[in-house]
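Have a look at the structure below, then the notes.
Model, not experiment: these values are computed from the prediction. In what follows, chains carry the letters A, B, and so on, assigned in the order in which the sequence lines appear, proteins first and then strands, with residues in each chain numbered from 1. Just the heavy atoms: all of them, side chains too, but no hydrogens, waters or symmetry mates, feed the values below.
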Amino acid sequence: MLKETTALVEDAGIDEAYLDITDVSLTAQEVAARMKHRIREETALTCSIGIAPNKLLAKIASDMQKPDGLTIISETGIEERLAPLPVRKIPGVGPVTEERLGHMGIATIGQLASLPLDRLVHDFGHAHGRFLYEAARGQDDTPVITHWEPKSRGREITFQEDTGDRQKILRTLAALSREVADEIAQQGYQALTVSIKVRFSDFETHTRGKTLDEATDSYEALKRAAFECLGRLELYKKVRLIGVRVGGLQKSETQ
DNA sequence: TCTGGGGTCCTAGGACCC
DNA sequence: TCTGGGGTCCTAGGACCC
């Protein structure tokens, strides 16, 4: 349905999307009204829409009036609109970053915008520091992405009861490997890396990974690598969760 | 708030090569 | 032989998003 408006749609999860309506002849308000109408008609659900010059601001805007909202952030006065909002309103600022900023006396986006770039890069690393600096100013030049290739595929499962039963863990790991192998094979991918994840009953989490000699979608090969990874972890506590993930996905050349 | 499952991206250290 | 710098790959862990 969204594509009737523009082909530039980025799928952002099961119930979110970004639309680039730069070249749509309707006004943003008209687009929003039509979308709300159609969504209500077809699903009986409301939705919240944010309209802004970029994705970051559109996302923030969409969150500003939650159910059934429509919020527009225009080119002018962006920093003034953002300044009073809590830093947590920035998508990409989670509980950890919020807490760290809090210790620095930074609670709002306006306060964040007062910090120099080098301070943020020093404290948060190159990418995240720069991201925070730009986000505080409402800057975001990332495009609406209409298509991308998957980078990894995984399966994980939490045991009904924490377990120390190694055979059970191995059986589960094999089953998960089977599911992952089948899925990538069916989707026409081969994987170059395999990693496993183990979470203990106290939530302590460890991963082990291995890069293969060549990409594969073979269950046996992926399972073997997963087992080898597990062998490099000492299971000294009961296990709550086990997972397998394959990465370095490449399109299979066969057919 | 927690703590289920599927993802992405980043960082840091070490190995290795030129 | 020693020293150094830069680049890339691998691995483990963590933050964050839906």
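- For the pair A:K197 NZ and B:dT8 P, the interatomic distance rounds to 13 Å; values are reported in whole Å.
- The phosphate of B:dG7 has OP1 or OP2 within less than 4.0 Å of a side-chain N or O from A:R153.
- The side chain of A:R88 lies closest to C:dC17, out of B:dG5, B:dG7, C:dC17.
- A pairwise comparison of heavy atoms in A:G50 and A:A61 identifies CA-CB, 3.7 Å as the closest pair.
- Taking the six-membered ring where tryptophan is involved, the planes of A:H128 and A:F131 are essentially parallel, since the angle between them stays under 30° and well short of 60°.
- A:T97 has a side-chain polar atom (N or O) that falls below the 4.0 Å cut-off from OP1 or OP2 of C:dC16.
- A cation-pi geometry, defined here as NZ or CZ lying under 6.0 Å from the six-membered ring centre and within 45° of its normal, does not hold between A:R240 and A:F203.
- A:R199 has no carboxylate O lying under 4.0 Å from a charged side-chain N of A:E204, or vice versa, which leaves the two without a salt bridge.
- Under 4.0 Å is where a charged nitrogen must lie from a carboxylate oxygen, and between A:R100 and A:D123 no such pair does.
- Of the candidates C:dC17, B:dG7, C:dC18, the closest approach to any side-chain atom of A:D15 belongs to C:dC18.
- Taking a cutoff of 4.0 Å between a charged side-chain nitrogen and a carboxylate oxygen, A:E42 and A:R38 qualify as a salt bridge.
- Across the protein-nucleic acid pair, A:L176 atom CG and B:dG7 atom P stand 12 Å apart, rounded to whole Å.
- The nucleotide whose nearest atom lies closest to any side-chain atom of A:S152 is, among B:dG7, C:dC18, B:dG6, B:dG7.
- Across the protein-nucleic acid pair, A:L241 atom CG and B:dT3 atom P stand 13 Å apart, rounded to whole Å.
- Atom C1' of nucleotide B:dG6 and atom CD1 of A:I196 are separated by 18 Å, given to the nearest angstrom.
- Hydrophobic clustering of Ile, Leu, Val, Met, Phe, Trp and Tyr side chains at less than 4.5 Å, counting indirect connections, keeps A:L19 apart from A:L8.
- A cation-pi contact, defined as under 6.0 Å to the ring centre and within 45° of the axis, is absent between A:K238 and A:F200.
- In this structure, A:K151 atom NZ and C:dC16 atom P are separated by 21 Å, rounded to whole Å.
- Checking B:dG4, B:dG6, B:dT3 against every side-chain atom of A:F203, the shortest atom distance belongs to B:dT3.
- Taking atom CD1 on A:I157 and atom P on B:dT3, their separation rounds to 17 Å, with Å as the unit.
- Between A:K59 and A:E16 a salt bridge is recorded (basic side-chain N to carboxylate O distance below 4.0 Å).
- Following rounding to the nearest Å, A:E99 (CD) and C:dA15 (P) show an atom-to-atom distance of 11 Å.
- The distance between atom NE2 of A:H126 and atom P of B:dC9, rounded to the nearest whole Å, is 18 Å.
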Just the table, please: protein N/O against nucleotides 10-12 of chain C N/O, every pair under 3.5 Å.
from, atom 1, to, atom 2, distance (Å)
C:dT11, OP2, A:T211, N, 3.0
C:dT11, OP2, A:T211, OG1, 2.4
C:dA12, OP1, A:R232, NH2, 2.9
C:dA12, OP2, A:G209, N, 2.4
C:dA12, OP2, A:G209, O, 3.4
C:dA12, OP2, A:R232, NH2, 3.4

### Summary
The dot-bracket string of DNA chain B, counting Watson-Crick and G-U wobble pairs with both distances under 3.5 Å, using [ ] for crossing pairs and | for pairs to another strand, is ....||||||||||||||

